[in-house]
Amino acid sequence: MKELIAARGLRKSFGSFEAVRGIDLIVPAGQVLGFLGPNGAGKSTTMRMLTGFLEPTAGTVTLDGIALADAPIAAKRTFGYLPEGAPAYGDMRVDEFLNFVARARGYVGADARSRVDRSIERLHLEPYRRQLVDTLSKGYKRRTGLAQAILHDPPILVLDEPTDGLDPNQKHEVRELIRRLGDDRAVVLSTHILEEVEAVCTRAVIINEGRVVFDGTPKALDAKAPANVTSNRLDHVFRMLTTSDIGGAPRTKAASR
């Protein structure tokens, strides 16, 4: 299966503090990867290195066969990115904002209009296409952010908390869309919501203190919970892997796959 994301030996230091300590992350087409970690674990730093917003201290990132360090613009064309908070121009209407994104990506005329219309349709934004972004609810701002991420139909999607602010029905719709998009793409979904991993992801990676402490399927993650834990099992395993307060592994010890 084709490797769409290949990060090897990623490290990032800020002065004497090493935020990321040698992470390898290979994501093929057809995989939805849930990327998790407690606050301060190095998750956001890793995401920023994967998307070229932060230069690694050491290691390499290749996106759809393109080395990010050698050809950053070409590499960045391979992914759609939904950052935390879904920033957008609040004084633009939804379709104006998406058309602006289309033009920034080099699409013009009928091609740009077609891509905007398709993104609006996929995210069920039609009733809001002429509404100012600033007047949207948090959930619909999130949808607009996701619409711009998929507008150019990229082989890689990097999504930071994609269902944040959505109601249960909206979450279901967006999760179904992510599943479909993940059929032939590499999707990295950064989230704090373990329910999201169970609902959407085919693989989970947990990092702590800059290192990978779990890499496997959601089913394998669930299997790490003791038999006597009958509810919130993934929450229990997450705490077990990232703290020592419930008798889990040491914080910096990598768990077996």
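Keep in mind that this is a model prediction, so the values were computed, not measured. Basis for what follows: all heavy atoms, side chains included, without hydrogens, waters or symmetry-related copies.
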Asks: Grouping I, L, V, M, F, W and Y whenever their side-chain heavy atoms are under 4.5 Å apart, do V205 and I156 come out in a common cluster?
Replies: yes
Asks: Within the 4.5 Å heavy-atom criterion, are I206 and T242 side-chain neighbours or not?
Replies: yes
Asks: Has R179 got more than 12 heavy atoms of other residues, nucleotides or ligands less than 6.0 Å from its CZ?
Replies: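 Yes, enclosed.
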Asks: Any chain of hydrophobic side-chain contacts (each under 4.5 Å) joining V101 to F53?
Replies: no
Asks: Please indicate whether E55 has more than 12 foreign heavy atoms, meaning atoms of other residues, nucleotides or ligands, lying under 6.0 Å from its CD.
Replies: no
Asks: Please evaluate residues L166 and R142 with respect to the criterion side-chain contact (heavy atoms from CB on, under 4.5 Å), reporting the C-alpha separation (whole Å), side-chain torsions for both, the decisive distance (0.1 Å), and the verdict.
Replies: CA-CA 8 Å; L166 304 186; R142 208 77 188 129; 4.2 Å; yes
Asks: Is it possible for you to say whether L82 and M92 belong to one hydrophobic cluster, with membership spreading through side-chain heavy-atom contacts below 4.5 Å?
Replies: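 Yes; M92 is reachable from L82 via cluster members.
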Asks: With a 6.0 Å cut-off on the ring centroids, do F214 and F238 count as close?
Replies: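 No.
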Asks: Compare all side-chain heavy atoms of T46 with those of F35 and state whether any distance is below 4.5 angstrom.
Replies: yes
Asks: For D134 and D91, what are the C-alpha separation, side-chain angles and deciding distance, and is it a side-chain contact (heavy atoms from CB on, under 4.5 Å)?
Replies: CA-CA 7 Å; D134 256 355; D91 58 349; 6.0 Å; no
Asks: I need the minimum non-hydrogen distance between I26 and R203, along with the two atoms involved.
Replies: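 Scanning both residues completely, I find the closest heavy atoms to be O-NH1, 2.6 Å.
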Asks: Strictly distance-based, threshold 3.5 Å: is any side-chain N or O of D64 a donor or acceptor partner for the main-chain N or O of L4?
Replies: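 Not at all, since once roles are kept as given, no pair shorter than 3.5 Å links the two residues.
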Asks: Do I178 and V174 come close enough that some side-chain heavy atom pair is under 4.5 Å?
Replies: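 They are in side-chain contact.
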Asks: Could you measure the distance from the CD1 atom of I150 to the CG atom of L177? Nearest 0.5 Å is fine.
Replies: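 Spacing of CD1 (I150) from CG (L177) equals 5.5 Å.
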Asks: Hey, are E196 and K171 close enough for a salt bridge, meaning a charged N less than 4.0 Å from a carboxylate O?
Replies: no
Asks: Which atom names give the shortest non-hydrogen contact between T202 and Q31, and what distance separates them?
Replies: OG1-CG, 3.4 Å
Asks: Distance-only, no hydrogens or angles: does the E198 side chain make a donor-acceptor pair with backbone N or O of E195 under 3.5 Å?
Replies: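 No, the answer is negative, given that no donor and acceptor are paired below the 3.5 Å cut-off.
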Asks: Just by modelled atom types, is the Q170 backbone N or O under 3.5 Å from a matching donor or acceptor in the E173 side chain?
Replies: no
Asks: If only atom types and distance count, is the side chain of R103 paired as donor or acceptor with the main-chain N or O of A112 below 3.5 Å?
Replies: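 Checking the backbone N and O of A112 against the side chain of R103, no donor-acceptor pair under 3.5 Å is found.
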Asks: So, using side chain to side chain contact (heavy atoms under 4.5 Å, CB included) as the criterion, who are the partners of T57 when residues are at least two apart?
Replies: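 If we apply the side chain to side chain contact (heavy atoms under 4.5 Å, CB included) test to T57, skipping adjacent residues, the hits are K12, S13.
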Asks: Which pair of non-hydrogen atoms, one from G80 and one from P154, has the smallest distance, and what is that distance?
Replies: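 That closest heavy-atom pairing would be N-CG, 3.5 Å.
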Asks: Can you check side-chain contact (heavy atoms from CB on, under 4.5 Å) on V188 and I5, steps first, answer last?
Replies: CA-CA 9 Å; V188 176; I5 300 173; 3.5 Å; yes
Asks: Roughly how far apart are R21 CZ and N208 CG, rounded to 0.5 Å?
Replies: 9.5 Å
Asks: Please step through side-chain contact (heavy atoms from CB on, under 4.5 Å) for the pair L33 and L189, ending with a clear verdict.
Replies: CA-CA 6 Å; L33 169 69; L189 189 159; over 6 Å; no
Asks: How many angstroms lie between OG1 in T135 and NZ in K141, if you round to the nearest 0.5 Å?
Replies: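 Rounded to the nearest 0.5 Å, the OG1-NZ separation comes out at 8.0 Å.
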Asks: Identify the residue among I193, L36, L194 that makes a side-chain contact (heavy atoms from CB on, under 4.5 Å) with L234.
Replies: L194
Asks: Is there side-chain contact between R8 and L25, with at least one heavy-atom pair below 4.5 Å?
Replies: no
Asks: Determine which pairs satisfy ring-ring contact (aromatic ring centres under 6.0 Å, His included) with at least one residue from residues 165-192, sequence neighbours left out, and list them in order.
Replies: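 For residues 165-192: none.
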Asks: Restricting to non-hydrogen atoms, name the atom on P83 and the atom on D160 that form the minimum distance, rounded to 0.1 Å.
Replies: C-CB, 3.9 Å
Asks: Kindly indicate whether the side chain of L159, heavy atoms from C-beta on, has any atom under 4.5 Å from the side chain of S190.
Replies: no
Asks: Supply the atom-to-atom distance L68 CG to L50 CG, rounded to the nearest 0.5 angstrom.
Replies: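 Taking CG in L68 and CG in L50, the distance rounds to 9.0 Å.
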Asks: Check for a donor-acceptor pair, side chain of E96 on one end and backbone N or O of R93 on the other, with a separation under 3.5 Å.
Replies: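 At least one qualifying donor-acceptor pair exists.
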Asks: Which atoms form the tightest heavy-atom contact between Q148 and Y81, and what is the distance?
Replies: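 Looking at all heavy atoms of both residues, the closest pair is NE2-O, 2.9 Å.
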Asks: So if you build clusters from Ile, Leu, Val, Met, Phe, Trp, Tyr with side-chain heavy-atom gaps below 4.5 Å, do V158 and I23 land together?
Replies: yes
Asks: Does the side chain of H236 come within less than 4.5 Å of P226's, by heavy atoms?
Replies: yes
Asks: Rounded to the nearest 0.5 Å, what's the gap from CE on M240 to CG on L221? Could you check?
Replies: 8.0 Å
Asks: Do the side chains of Q131 and L136 get nearer than 4.5 Å, heavy atoms only?
Replies: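 L136 vs Q131: side chains touch.
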Asks: If you round to the nearest 0.5 Å, how far is CG of L10 from OG1 of T60?
Replies: 7.0 Å
Asks: Could you list the donor-acceptor pairs under 3.5 angstrom formed by side chains in residues 113-121, with sequence neighbours left out?
Replies:
{"unit_1": "R115", "atom_1": "NE", "unit_2": "D111", "atom_2": "OD1", "d": "3.2"}
{"unit_1": "R115", "atom_1": "NH1", "unit_2": "L151", "atom_2": "O", "d": "3.3"}
{"unit_1": "D117", "atom_1": "OD1", "unit_2": "R129", "atom_2": "NH1", "d": "3.3"}
{"unit_1": "D117", "atom_1": "OD1", "unit_2": "R129", "atom_2": "NH2", "d": "3.0"}
{"unit_1": "S119", "atom_1": "OG", "unit_2": "R115", "atom_2": "O", "d": "3.2"}
{"unit_1": "S119", "atom_1": "OG", "unit_2": "A147", "atom_2": "O", "d": "3.3"}

Asks: Ion pair present between R233 and D222, side-chain N to carboxylate O less than 4.0 angstrom?
Replies: yes
Asks: Measuring only between side-chain heavy atoms, which start at C-beta, is V20 closer than 4.5 Å to M49?
Replies: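 Answer yes - side chains close enough.
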Asks: So, T144 side chain and V94 main chain: donor-acceptor pair closer than 3.5 Å or not?
Replies: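 Flag not set: sc T144 to bb V94 has no pair under 3.5 Å.
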Asks: Closest heavy-atom contact between F79 and T51?
Replies: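 Looks like CZ-O, 3.4 Å.
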Asks: Report whether Y107 and L123 are members of the same hydrophobic cluster (ILVMFWY, side-chain heavy atoms less than 4.5 Å apart, transitive linking).
Replies: yes
Asks: For Y140, is there any backbone N or O sitting under 3.5 Å from a side-chain donor or acceptor partner on S137?
Replies: yes
